[in-house]
Amino acid sequence: MSHRDQLFALVRSIPIGFVSSYSDLGKALPSYASGLVIGRWMAACPGDLPWWRVVAKDGSLPVRKRSPLLGMEQEERLRSEGVEFENGCVIMDRFTYHPTTLDW
């Protein structure tokens, strides 16, 4: 399984109503990857992946920099799953899911 496929498996494991950070996902991979690398891989993720559940470690939505419309979509999807925001950021201490390395 490629590193990207491992990442995508981790993203699929994030439960509805929770988020994980790019850096937490990178740490959970069998071979560490930085949050920056995770962000690049996520920018080209499959359409069926719940990409909106991946946020910055401070709860902000970096996708807003690339596309304000995607940022709005991400926030709407998260809110529809019950994720709450404060000052434009996910309340990380309540909604963070820490992925664990899956059995590869």
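Only heavy atoms go into these numbers, but all of them, side chains included; no hydrogens, no water, no symmetry mates.
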Between [Y] and [X], is there a side-chain heavy-atom distance shorter than 4.5 Å?
X: I38; Y: S23; value: no
X: L25; Y: P99; value: yes
X: Y22; Y: P62; value: yes
X: W41; Y: H3; value: yes

Under the side chain to side chain contact (heavy atoms under 4.5 Å, CB included) rule, what do Y97 and R53 come out as? Steps first, then yes or no, please.
CA-CA 10 Å; Y97 171 76; R53 296 185 189 140; over 6 Å; no
Interatomic spacing from [atom1] in [X] to [atom2] in [Y] - rounded to 0.5 Å:
X: F85; Y: S60; atom1: CZ; atom2: OG; answer: 10.0 Å
X: E73; Y: E76; atom1: CD; atom2: CD; answer: 7.5 Å
X: T100; Y: D24; atom1: OG1; atom2: CG; answer: 11.5 Å
X: L61; Y: C89; atom1: CG; atom2: SG; answer: 7.0 Å

Between [X] and [Y], what is the shortest heavy-atom contact and its length?
X: L29; Y: L7; answer: CD2-N, 3.6 Å
X: R4; Y: A44; answer: NH1-CB, 4.4 Å
X: P30; Y: Q6; answer: CD-OE1, 3.5 Å

Does anything in [range] pair up under salt bridge (charged side-chain N to carboxylate O under 4.0 Å, His left out), and if so which pairs, sequence neighbours excluded?
range: residues 85-99; answer: E84-R94
range: residues 38-48; answer: R12-D48
range: residues 54-63; answer: none

Between L70 and W51, does a side chain to side chain contact (heavy atoms under 4.5 Å, CB included) hold up when you go through it step by step?
CA-CA 11 Å; L70 276 178; W51 59 269; 4.1 Å; yes
Given side chain to side chain contact (heavy atoms under 4.5 Å, CB included), test E75 with W52 step by step and report yes or no.
CA-CA 8 Å; E75 184 171 343; W52 58 91; over 6 Å; no
Taking V19 as the starting point, is it possible to reach I91 by hopping between hydrophobic residues whose side chains are less than 4.5 Å apart?
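Cluster IDs for I91 and V19 match.
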What do the steps show when you test H98 against K27 for side chain to side chain contact (heavy atoms under 4.5 Å, CB included), and what is the final call?
CA-CA 10 Å; H98 295 284; K27 291 174 189 171; over 6 Å; no
Residue among L69, V55, V54 satisfying side-chain contact (heavy atoms from CB on, under 4.5 Å) with Q74
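Only match with Q74 under side-chain contact (heavy atoms from CB on, under 4.5 Å): V55.
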